[in-house]
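Quick note: numbers below take in every heavy atom, side chains included, and nothing from hydrogens, waters or symmetry partners. Just so it is clear: chains get the letters A, B, ... in the order the sequence lines come, proteins before strands, and each one is counted from 1.
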Protein chains: 2
Amino acid sequence: MVTLKQLAKELNVSISTVSKALNNSDEIGEETVKRVKELANLYNYRPNKMALSLKQNKTKTIGVIIPNILSRFLAKVLFGIEREANKHGYNIITCISNESLDKEKESLQLLGSGSVDGFILSVAQESQVNNEIDHFKRTISNGLPIVMFDRVAHDVMCDKVIVDDFDATYNATKSLIREKRKNIGFISNINDISVGKLRERGYNKAILEEGKQEPIVLKIKKKDDPQKKIKSFFKKNKGIDAIVGADSSSGIIALNMAVDLGLNVPKDISVIAFASKSDSNHTFPKLTTIRQHAKSIGTNAAELLIHRIENAAANERMKTKIVKTSLVKNKSTL
Amino acid sequence: MVTLKQLAKELNVSISTVSKALNNSDEIGEETVKRVKELANLYNYRPNKMALSLKQNKTKTIGVIIPNILSRFLAKVLFGIEREANKHGYNIITCISNESLDKEKESLQLLGSGSVDGFILSVAQESQVNNEIDHFKRTISNGLPIVMFDRVAHDVMCDKVIVDDFDATYNATKSLIREKRKNIGFISNINDISVGKLRERGYNKAILEEGKQEPIVLKIKKKDDPQKKIKSFFKKNKGIDAIVGADSSSGIIALNMAVDLGLNVPKDISVIAFASKSDSNHTFPKLTTIRQHAKSIGTNAAELLIHRIENAAANERMKTKIVKTSLVKNKSTL
DNA sequence: ATGAAAGCGCTAACAC
DNA sequence: GTGTTAGCGCTTTCAT
């Protein structure tokens, strides 16, 4: 990679002349600017990013810490973040916490020492369970803004982007009640994290409000075989005529299991679940889904963070954006 | 963030003393080392990464350019890369080319000017279709090593990690022939990229070698509705008794469609497809899959790159690693 | 045992 | 209009 120094030498001018010429400073003569630019072009000169960062004390880089890249939802959010960041001239450094508090701390620590201008993250399960938030606070007090999305730590003062999890399952359940469903079950593979609990509460509220049945809830744990669990859930609750799935896996397996058990979906039983478009394209009948608009969550998070970074002085009040889910009716409901 | 300068001032020693003390240089007196380390600890001092990078002319960062983060396969590879990179003290900057040549070029350009020590990438579709490779060559000649995986450009001299695509479908088809299947079809949603073509050729070879049927191939294009296409494919080819899917989407939809059309899987028809474990857990019966060991591909790519970076002087011959697929028999085959 | 100084590549305030 | 200089934070060689 060619440097200013080398260009300067070859052109017999000073380094600062070259720098100014390339930055279109009007201090420099037309003729010189032309000569400089030509040579720079020839050698395909690009200013060294590290030098710029060091000098200007900003990296134009965002640290993204996600608990799990294999989740379609999180991958999509990442996609949204990347696109929005790029639009504003930022790159992203991605770390995967793997739900581990230590890895989360470490990433914050490592990237926090000069590699990034701020963070976008979704809290690791372990951190959530233990309610660990000191590492976030430390990062923020070091001058690096954080935007949390989806799984947030309420006690940390920072910008947040969340989903209306409670309303989503509340409304989905209501919609099943409107279909005259009398035995609506709830299946969750994510009951240990905050959003999973919110989703269950939304379902519970709708059921209790109606007052015609008790909640019927299946919580699948990490070590369980989901197919077996769901099968025995169906066996035990014969009369069940609708399912709300807290996550795509629960929903997809429930739908397929129902079909496999000889039930007609949606005549005998309706299924709704948090899932993506491609998930619903992969089931027969197509799964009715609660869409989270993951990309938009990413976009919003990136916007918030970049705004915060570039207006650090302004010291604006922290914002929480709610990205509303939408219920997309497909063929697995009436 | 506290700097050496500030520590030095507070301790009334010089910057270089602090630096040496923290780096355990034996030039510095025991007592001083202790004092320095204590204060550094107190202030939670971390050396600034940008300064280090600039000084040592290495960033300990890897640029990863993938065509699409929403592909489970690519997300998994990314996971493998990240883990292996971290193990060696590297971070990763992720760019998503979105299958676009321009974005690929731009990412190479942007990150190539000092942000990373090398690249791991899978070639964008557009670049592959147009056989554009100059940008790769330019990057390499700038001293930045590249490791390509999965979709590689054969004419670029660099380390590569590939899958035995041809053998995978060849063997899968053979295995269906051994099941006495007489009308084996092939469905692909990825026929425009290199690996898609290899997979088709593997299927073709097995069919032609056997000589008992003609290849029956369905190529789905981006604008098509895959469900409709596959449905009419089944209608047109009534006697079909086995499917090889070049990608998970084709396989999953084919399996579900067969069930929906009243066929018994695997009694009437077998289905094999490139897919992940979670994909096969989401179908009934569980899909027999060709596993690509995506994580291992990522690990291998990261290993190759880091080795290349850290032994740049050695100028070793370029390697191509083949990560073999495995055929995991589940319930969608006999 | 400690410190001064140079230099990584760049920008910008300040000479001339 | 062009050049000199300082400085971002750090390591390291070379004095002292």
Could you state the [atom1]-[atom2] distance from [X] to [N], rounded to the nearest angstrom?
{"X": "M50(B)", "N": "dG7(C)", "atom1": "CE", "atom2": "P", "value": "24 Å"}
{"X": "D26(B)", "N": "dT12(D)", "atom1": "CG", "atom2": "P", "value": "13 Å"}
{"X": "R46(A)", "N": "dC10(C)", "atom1": "CZ", "atom2": "P", "value": "12 Å"}
{"X": "E30(B)", "N": "dT2(C)", "atom1": "CD", "atom2": "P", "value": "11 Å"}
{"X": "K49(A)", "N": "dC8(D)", "atom1": "NZ", "atom2": "C1'", "value": "16 Å"}
{"X": "L22(B)", "N": "dT12(D)", "atom1": "CG", "atom2": "C1'", "value": "15 Å"}
{"X": "Q56(B)", "N": "dT12(D)", "atom1": "CD", "atom2": "P", "value": "7 Å"}
{"X": "N24(B)", "N": "dT11(D)", "atom1": "CG", "atom2": "C1'", "value": "15 Å"}

Nearest to the side chain of [X], heavy atoms from C-beta on, is which of [options]?
{"X": "T17(B)", "options": "dC10(C), dT2(C), dC10(D)", "result": "dT2(C)"}
{"X": "K20(B)", "options": "dA4(C), dC14(C), dC8(C)", "result": "dA4(C)"}
{"X": "Y45(A)", "options": "dG9(D), dC14(D), dC10(C)", "result": "dC10(C)"}
{"X": "L4(B)", "options": "dC10(C), dT11(D), dT13(D)", "result": "dT11(D)"}

For this session: Answer yes or no: does atom CE of M157(B) have more than 12 heavy-atom neighbours from other residues, nucleotides or ligands under 6.0 Å?
Result: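 Open.
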Exercise. Taking atom types as they are modelled, is there a donor-acceptor pair under 3.5 Å from the base of dG9(D) to the side chain of K55(B)?
Worked result: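 No such pair is found, so the answer is no.
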For this session: Using only heavy-atom distances, determine whether the side chains of S16(A) and S19(A) contain a donor-acceptor pair under 3.5 Å.
Result: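 No - no donor-acceptor pair under 3.5 Å links their side chains.
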For this session: Go through the side-chain N and O atoms of T299(B) and E84(B) and say whether any donor and acceptor fall under 3.5 Å apart.
Result: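 Judged by distance alone, the side chains do not pair up.
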Problem set entry | Among K105(B), E104(B), K103(B), side-chain hydrogen bond (donor to acceptor under 3.5 Å, both in side chains) partner for S127(B) |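 For S127(B), the side-chain hydrogen bond (donor to acceptor under 3.5 Å, both in side chains) test succeeds with only one of K105(B), E104(B), K103(B), which is E104(B).
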Give a yes/no answer on whether the side chain of [X] brings an N or O atom under 4.0 Å of OP1 or OP2 in [N].
{"X": "K5(B)", "N": "dC8(D)", "answer": "yes"}
{"X": "S14(B)", "N": "dG3(C)", "answer": "yes"}
{"X": "N48(A)", "N": "dC8(C)", "answer": "no"}
{"X": "S19(B)", "N": "dT11(D)", "answer": "yes"}
{"X": "T32(B)", "N": "dT2(C)", "answer": "yes"}

Exercise. When you check the gap from the basic side-chain N to the acidic O, do E99(B) and R151(B) get nearer than 4.0 Å?
Worked result: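 So E99(B) pairs with R151(B) through a salt bridge.
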Exercise. Is N57(B) touching bases, backbone alone, or none of the nucleic acid, heavy atoms closer than 4.0 Å?
Worked result: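 The residue N57(B) makes no contact with any strand.
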Exercise. So which one's nearest nucleotide on DNA chain C is more toward 5', Q6(A) or S16(A)?
Worked result: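 The 5'-side residue here is Q6(A).
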